[in-house]
Amino acid sequence: DTAVSQTPKYLVTQMGNDKSIKCEQNLGHDTMYWYKQDSKKFLKIMFSYNNKELIINETVPNRFSPKSPDKAHLNLHINSLELGDSAVYFCASSRPGGGVREKLFFGSGTQLSVL
Amino acid sequence: DQQVKQNSPSLSVQEGRISILNCDYTNSMFDYFLWYKKYPAEGPTFLISISSIKDKNEDGRFTVFLNKSAKHLSLHIVPSQPGDSAVYFCVLKGGSNYKLTFGKGTLLTVNP
């Protein structure tokens with residue numbers, strides 16, 4: 001009964017391939033996020049969806065496309081993978097409103113390695 | 001440009017002693033301050049927070065101190081326990097969409 005689950009946990013692929021990472025939360029939250037932790041260890045927001053609508057879209061290449069089929073799911077599709085995309089990707093969710101006091105619940109991360 | 005700086009990448013303390021993790025920030029727009037804790041192969045989990053109108057918040061063994069004039073935040077853990085060994089992220093919140101800004105993290109090791 002994991003609160004925020006993402007699959008796969010590890011993803012190793014060749015440059016140029018297209019891959020997807022799936023995320024599901026069973027907390028009843030309306031807001032979901034994708035974060036990227038790069039080699040310098042900074043966790044940076046990529047996207048945020050509130051009730052299936054995109055509300056935050058940081059400066060991320062167009063090769064990254066989030067898709068939210070419903071408010072419990074936020075998948076990340078990456079086209080034409082590059083070496084620099086290698087990172088750990090975290091999905092997260094928070095309660096409705098996303099106000100200043102709302103805390104995030106994170107998945108366990110997907111380690112993406114592009115060869 | 002790092003808006004959130006955790007200058008100590010690692011910290012080692014003895015069980016039972018105090019752990020002090022520090023964080024400095026540069027932008028006054030931040031109005032809510034959090035600490036997240038991360039174990040290996042897991043996602044970060046919320047630990048404790050403080051709003052900009054306070055200078056101290058305590059929750060059991062964990063206390064967060066905020067010095068707004070110095071733009072400095074610290075987390076005190078006392079007494080430290082081996083289970084506290086993890087990476088601690090200083091996280092700041094602010095702006096119109098309450099976006100979180102993470103520091104690089106400090107790896108705390110509590111030795112038995």
Side-chain angles (χ1 to χ4, degrees), chain A residues 2-10 21 23-25 27 29-50 53-60 74 87-111, chain B residues 1-11 21 23-26 29-54 57 59 62 64 66 86-108:
Chain A
T2 306
V4 182
S5 60
Q6 50 183 113
T7 56
K9 195 167 181 64
Y10 300 98
I21 306 172
C23 179
E24 176 182 2
Q25 54 92 8
L27 296 167
H29 291 167
D30 278 7
T31 307
M32 296 185 72
Y33 311 79
W34 277 107
Y35 278 80
K36 178 182 179 180
Q37 186 176 31
D38 58 23
S39 57
K40 294 183 179 178
K41 302 302 182 186
F42 284 107
L43 261 155
K44 293 183 181 177
I45 191 168
M46 300 174 69
F47 301 102
S48 173
Y49 269 73
N50 185 55
E53 286 193 27
L54 182 66
I55 55 173
I56 294 176
N57 184 353
E58 292 296 293
T59 308
V60 177
L74 181 62
V88 182
Y89 292 85
F90 289 96
C91 176
S93 71
S94 66
R95 288 193 301 179
V100 68
R101 293 180 183 276
E102 289 306 326
K103 57 192 182 203
L104 267 59
F105 293 79
F106 283 86
S108 58
T110 296
Q111 172 93 55
Chain B
D1 60 332
Q2 295 180 40
Q3 297 189 69
V4 184
K5 296 180 183 178
Q6 293 181 255
N7 291 320
S8 298
S10 64
L11 174 68
L21 296 98
C23 175
D24 296 295
Y25 60 97
T26 57
M29 79 169 184
F30 296 119
D31 54 11
Y32 205 64
F33 307 86
L34 310 95
W35 286 93
Y36 275 72
K37 174 179 173 180
K38 183 183 179 306
Y39 292 117
E42 294 183 13
T45 56
F46 170 79
L47 182 60
I48 192 169
S49 64
I50 187 169
S51 73
S52 58
I53 61 172
K54 294 187 174 181
N57 187 29
D59 183 3
F62 304 90
V64 57
L66 175 63
V87 175
Y88 288 80
F89 289 100
C90 173
V91 184
L92 276 56
K93 210 172 196 183
S96 58
N97 58 17
Y98 304 121
K99 189 174 69 174
L100 296 184
T101 302
F102 281 75
K104 290 174 72 170
T106 296
L107 173 62
L108 173 66

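Just so it is clear, the structure is predicted and the values come from calculations on it, not from any experiment. Proteins come first, then strands; the chains are lettered A, B, ... in the order of their sequence lines, and each starts at number 1. Note that these values count all heavy atoms, side chains included, but never hydrogens, waters or copies made by symmetry.
- Ring planes of B:Phe102 and B:Tyr36: tilted class, angle from 30 to 60°.
- Proximity to chain B involves both the backbone and the side chain of A:Leu43, based on heavy atoms less than 4.5 angstrom apart.
- Counting heavy-atom pairs under 4.5 Å between each of A:Gly109, A:Ser48, A:Ser108 and chain B puts A:Ser108 at the top.
- Atom CD of A:Glu53 is surrounded by 12 or fewer heavy atoms from other residues, nucleotides or ligands within 6.0 Å.
- Contact of A:Gln111 with chain B is not made at all, since no heavy-atom distance falls under 4.5 Å.
- For A:Lys9, the part lying near chain B is the side chain, with the backbone staying farther off; criterion is any non-hydrogen pair under 4.5 Å.
- Here A:Phe105 pairs with A:His29 under the ring-ring contact (aromatic ring centres under 6.0 Å, His included) rule; sequence neighbours left out.
- For a residue to count as touching a neighbouring chain, one of its non-hydrogen atoms must lie under 4.5 Å from one of that chain's; by this rule B:Phe89 touches chain A with the side chain only.
- A:Thr110 is linked by a side chain to side chain donor-acceptor pair (under 3.5 Å) to A:Gln6, counting only residues two or more places apart in sequence or in another chain.
- Checked by atom type and distance alone, the side chain of B:Gln6 pairs as donor or acceptor with a backbone atom of B:Tyr88 at under 3.5 Å.
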